[in-house]
Asker: 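Take this structure first; my questions come after.
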Amino acid sequence: MGLSWSHILIVLVIFVLLFGRGKISELMGDLAQGIKSFKKGLSEDDTAAAEEEPKAIEHKPAKPKPAKRTAAKAPRSGKSG
């Protein structure tokens, strides 16, 4: 039950009748324009990445945190009051 040339031809004729010759060529033109735009975008990204100079990251030592000082509290006695 494979596709023969006659089946493919019938499908193509129905496709052309539904969409028309003008619409198919318009769709193909849009597809080609999209591919060109995609390729142009990729090449622009490559050239932009090549033009940028790598930036050196300098290591800055972290500032030491100040020690927390708490007020010394007198020990609590078991008696209240």
Asker: Nearest 0.5 Å, what's the CG-CD1 distance between L9 and I14?
Answerer: 10.0 Å
Asker: For F38, what are the other residues in its hydrophobic cluster, where any two members join if their side-chain heavy atoms are less than 4.5 angstrom apart?
Answerer: L42
Asker: Could you pull out all residues at least two apart from S4 that satisfy side chain to side chain contact (heavy atoms under 4.5 Å, CB included)?
Answerer: S6, H7
Asker: So, taking the atom named CH2 in W5 and the one named CD1 in I10, what distance separates them when rounded to the nearest 0.5 Å?
Answerer: 14.0 Å
Asker: Would you say V16 and L18 are hydrophobically clustered, going by side-chain heavy atoms of ILVMFWY under 4.5 Å?
Answerer: yes
Asker: Rounded at 0.5 Å granularity, tell me how far NZ in K39 sits from CD in E44.
Answerer: 14.5 Å
